[in-house]
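Everything quoted here is computed from the prediction, not taken from an experiment. Below, chains carry the letters A, B, ... as their sequence lines are ordered, and counting in each starts from 1.
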2 protein chains.
Amino acid sequence: MASIKDVAAEAGVSVATVSRVLNDHPSVSADARTRVLAAVEALGYRPNAVARSLRTDQTHTLGLVISDVLNPYFTELARSVEEEARALGYSVIIGNADERPDLQDHHVRNLLDRRIDGLLVSPTDGGSPLMLDAVRAGTPMVFVDRWIPGVAVPVVRADGQAAVRDLVAHLHGLGHRRLAIIAGPAATTTGQERVAAFRDALEAYGLELPDAYIGQGDFQAESGRRVTEGFLDLPEPPEVVFAADNLMALGALDAVRARGLRVPEDLALAAFDDIPWFVHTDPPITAIAQPTGDLGRAAVRALVDRIEGRRPASVTLPARLVVRRSCGENPNPVQRSTS
Amino acid sequence: MASIKDVAAEAGVSVATVSRVLNDHPSVSADARTRVLAAVEALGYRPNAVARSLRTDQTHTLGLVISDVLNPYFTELARSVEEEARALGYSVIIGNADERPDLQDHHVRNLLDRRIDGLLVSPTDGGSPLMLDAVRAGTPMVFVDRWIPGVAVPVVRADGQAAVRDLVAHLHGLGHRRLAIIAGPAATTTGQERVAAFRDALEAYGLELPDAYIGQGDFQAESGRRVTEGFLDLPEPPEVVFAADNLMALGALDAVRARGLRVPEDLALAAFDDIPWFVHTDPPITAIAQPTGDLGRAAVRALVDRIEGRRPASVTLPARLVVRRSCGENPNPVQRSTS
DNA sequence: CCTCCTTGTGGAATCGATTACACGACTTCG
DNA sequence: CGAAGTCGTGTAATCGATTCCACAAGGAGG
């Protein structure tokens with residue numbers, strides 16, 4: 001592969017001049033410029049990003065560590081992140097943690113070793129020493145979707161409280177009184193918050209959330225299946241199950257189906273995170289939709305702000321309820337929204 | 001961030017010795033080794049991958065350019081690619097082309113600039129000059145899923161011919177005679193092949209595939225919707241629609257639903273590419289399943305073979321038919337398989 | 001006509017690693 | 001006891017870019 005030296009030789013100038021042309025530095029004569037450009041063209045020269053990064057200490061690259069690529073929510077997030085980053089002149093390297101802290105650490109380490117300019121993380125746990133060290137060392141970082149309490153890093157996320165209240169109102173209006181939740185891992189903020197929001201909303205209707213109605217999931221389909229089976233085995237099973245993410249809702253649907261039961265007649269179902277497929281499931285699933293694209297874009301902008309020396313604030317965008325048929329027929333369905 | 005010089009100073013040795021310890025070169029005394037290791041620990045030193053890559057001309061990184069991250073098929077492919085690559089000591093940088101040749105070129109260029117060790121591509125078109133130049137220049141490359149005819153690059157893909165035959169047999173057995181297809185872009189091999197396989201299979205039953213029954217899609221949901229509407233507007237609409245990928249099937253389902261029609265009673269539906277959600281749609285969708293994980297792993301192994309100087313062969317794995325209910329009730333359903 | 005800028009250019013240092021080569025200190029063996 | 005290895009280490013070149021500094025040429029101004 002041709003290097004800057006080859007170009008310099010071909011154009012009959014020094015490497016310094018070639019570099020100046022490439023970075024359009026003002027003090028280059030028109031003549032030298034055309035000769036260099038011609039040489040670049042002739043040799044098909046492309047600057048070596050590795051060498052450039054070493055010298056300038058900038059990679060123009062962002063790291064994105066997400067909890068699970070197979071989750072359509074995170075896929076969409078990743079896509080919007082890459083799009084916005086590209087618009088701002090950055091590339092993105094994605095690390096998939098698969099909800100495993102060890103894999104998360106692997107990717108964070110890898111990205112730091114590559115000297116990415118900044119890191120976007122949706123932490124799967126309370127924060128490994130590695131990540132905390134990186135924050136302390138001043139690595140530009142932004143949390144997206146989930147965060148780690150007590151760490152001075154901007155957070156870009158959706159607030160589901162109002163939407164969860166709307167959901168509970170919807171369920172209550174349909175006559176449901178025994179409501180259960182499939183929670184996410186307690187180590188994640190989204191795991192905890194969604195349970196808290198649900199409990200608060202129930203309280204407003206004088207309803208309780210007994211421990212038996214809180215199933216411990218891990219944001220994966222299999223746990224949704226397992227927890228739902230537990231619910232169905234209860235002496236008094238719930239009338240509704242609210243899954244804290246879309247994959248666990250899928251698992252719940254499986255479990256209900258496997259027993260020959262029907263949604264919503266035998267068990268109603270709602271989910272956090274709306275995805276295109278929920279329109280086509282049998283029945284279509286009522287869900288709380290996050291403004292995923294906006295979150296991704298806001299997160300990138302915040303991170304780039306940090307990289308360029310500004311001090312971005314956290315961003316919280318509202319989620320909204322999308323009513324479908326999985327909780328029972330609504331005589332005259334209304335699309336509820338909090339925005 | 002601490003550099004190798006800091007470590008050398010801290011340990012009281014030269015940078016050469018530090019480097020030797022880090023790359024466990026044999027000729028280092030036990031004493032020097034422990035001192036270096038202690039210094040590394042004390043400083044929290046991590047080698048700069050950028051500098052290392054510049055010197056060694058190896059990045060231990062693979063590029064993966066896929067056609068559409070939002071397509072669950074490619075998401076799963078990306079995941080298995082990353083997994084296998086990690087097992088072999090490589091990282092992966094993913095570029096999402098969104099079925100756009102210009103974006104594909106952007107990512108290929110970006111990845112080449114970063115001096116990735118090898119490139120995995122699922123081309124969205126017939127091959128830009130950029131990609132062809134890269135091949136000619138000797139960049140290790142492997143095509144996955146789709147390929148570019150006439151280019152000397154190993155291909156890792158699934159063969160759907162037998163499965164399409166099984167599908168047509170299944171449809172014929174259910175009494176369907178007017179079969180239509182939503183094709184992918186003609187510029188992609190998968191776009192062409194699936195139509196050809198479908199036509200051949202129909203021929204075996206004495207059925208034709210009239211032009212009116214070949215809809216031109218682009219592997220995106222919206223095109224599936226549009227094409228299906230066209231089919232339904234025909235004086236003699238088809239009885240079955242076979243979508244060449246899962247997103248177009250989703251669009252087709254939308255279109256049917258929007259007219260108040262039902263699957264499979266009014267229009268039967270089948271898709272290429274099986275995904276977990278197809279179990280839960282209404283009705284569950286009959287699909288041709290690719291061994292996606294195996295494809296991803298085989299592609300990585302082939303690419304690493306090329307990088308390490310061997311000459312890997314192309315790999316073709318069989319796809320298989322998974323019968324569900326979207327084509328009509330089968331009196332006694334059998335899972336057909338070609339393997 | 002001499003100084004002082006301005007402009008364009010090249011030489012060389014630098015980023016942080018790897019590695020060829022030289023060298024000193026020991027061992028070993030004839 | 002001297003020659004020939006072996007072993008561990010350091011010096012310095014190198015990868016491909018960017019950029020500071022020096023300098024030459026030419027124009028402007030006193």
Self-check item: Nearest-0.5 Å distance, CG of residue B/Asp145 to CZ of residue B/Phe74
Solution: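 Going from the CG atom of B/Asp145 to the CZ atom of B/Phe74 covers 4.5 Å.
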
Quiz item: Between CZ of B/Arg52 and CG of A/Leu54, what distance do you get to the nearest 0.5 Å?
Solution: 13.0 Å

If I take atom [atom1] in residue [X] and atom [atom2] in nucleotide [N], what distance separates them, rounded to the nearest angstrom?
{"X": "B/Leu22", "N": "C/dG16", "atom1": "CG", "atom2": "C1'", "answer": "12 Å"}
{"X": "A/Arg33", "N": "C/dT7", "atom1": "CZ", "atom2": "P", "answer": "14 Å"}
{"X": "A/Leu43", "N": "D/dG16", "atom1": "CG", "atom2": "P", "answer": "14 Å"}
{"X": "A/Asn48", "N": "C/dG16", "atom1": "CG", "atom2": "C1'", "answer": "14 Å"}
{"X": "A/His60", "N": "D/dT18", "atom1": "NE2", "atom2": "P", "answer": "11 Å"}
{"X": "A/Ile4", "N": "C/dG10", "atom1": "CD1", "atom2": "C1'", "answer": "13 Å"}
{"X": "B/Lys5", "N": "C/dA17", "atom1": "NZ", "atom2": "C1'", "answer": "10 Å"}
{"X": "B/His25", "N": "D/dG10", "atom1": "NE2", "atom2": "C1'", "answer": "14 Å"}

Please pick, from [options], the nucleotide with the shortest atom-to-atom distance to any side-chain atom of [X].
{"X": "A/Val15", "options": "C/dA12, C/dG10, C/dT19", "result": "C/dA12"}
{"X": "B/Ala16", "options": "D/dG10, D/dT9, C/dG10", "result": "D/dG10"}
{"X": "A/Ser19", "options": "D/dA17, D/dT18, C/dA17", "result": "D/dT18"}

Practice problem: Give a yes or no on whether the backbone of A/Leu70 and the side-chain of A/Asp68 come within a donor-acceptor separation of less than 3.5 Å. | Solution: yes

Practice problem: Give a yes or no answer on whether the side chain of A/Asn23 reaches the backbone of A/His25 with a donor-acceptor pair at less than 3.5 Å. | Solution: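 No; zero donor-acceptor contacts below 3.5 Å.
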
Quiz item: Should A/Arg35 and A/Asp31 count as an ion pair when the cut-off is N to O under 4.0 Å?
Solution: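 Answer for the salt bridge query: yes.
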
Exercise. Identify whether the distance between the nearest side-chain nitrogen and carboxylate oxygen of A/Asp24 and A/Arg33 falls below 4.0 Å.
Key: no

Practice problem: Please check the phosphate of D/dT9 (OP1 and OP2 only) for any side-chain N or O of B/Ser29 closer than 4.0 Å. | Solution: yes

Quiz item: Does A/Ser27 make a side-chain N or O approach to OP1 or OP2 of C/dG8 shorter than 4.0 Å?
Solution: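 Result: no.
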
Quiz item: Which comes earlier along DNA chain C counting from the 5' end, the contact point of B/Arg20 or that of B/Arg46, where each point is its nearest nucleotide?
Solution: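 Nearest-nucleotide comparison on DNA chain C picks B/Arg46.
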
Exercise. Return yes if the base of C/dG16 and the side-chain atoms of A/Arg115 contain a donor-acceptor N/O pair under 3.5 Å, otherwise no.
Key: no

Practice problem: Output the residues of residues 50-59 of chain B in contact with DNA chain D, where contact means a heavy atom of the residue under 4.0 Å from an atom of the strand; sort by number or write none. | Solution: B/Leu54, B/Arg55

Quiz prompt | Beyond-backbone contact of A/Thr61 with A/Arg114, side-chain heavy atoms, under 4.5 angstrom | solution = no

Exercise. Check whether any side-chain heavy atom of B/Ile148 lies under 4.5 Å from a side-chain heavy atom of B/Val121, and answer yes or no.
Key: no

Practice problem: Using heavy atoms to find the nearest nucleotide of DNA chain D for A/Asn23 and B/Ala32 separately, return the residue whose nucleotide is more 5′. | Solution: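 Result: B/Ala32.
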
Exercise. Determine the contact category for A/Val18: base if any of its heavy atoms lies under 4.0 Å from a base atom, sugar-phosphate if only primed atoms, P, OP1 or OP2 are that close, otherwise nothing.
Key: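 Contact class for A/Val18: none.
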
Exercise. Quick one: label B/Thr17 by what it contacts on the DNA or RNA (base, sugar-phosphate, nothing), any heavy atom closer than 4.0 Å.
Key: sugar-phosphate

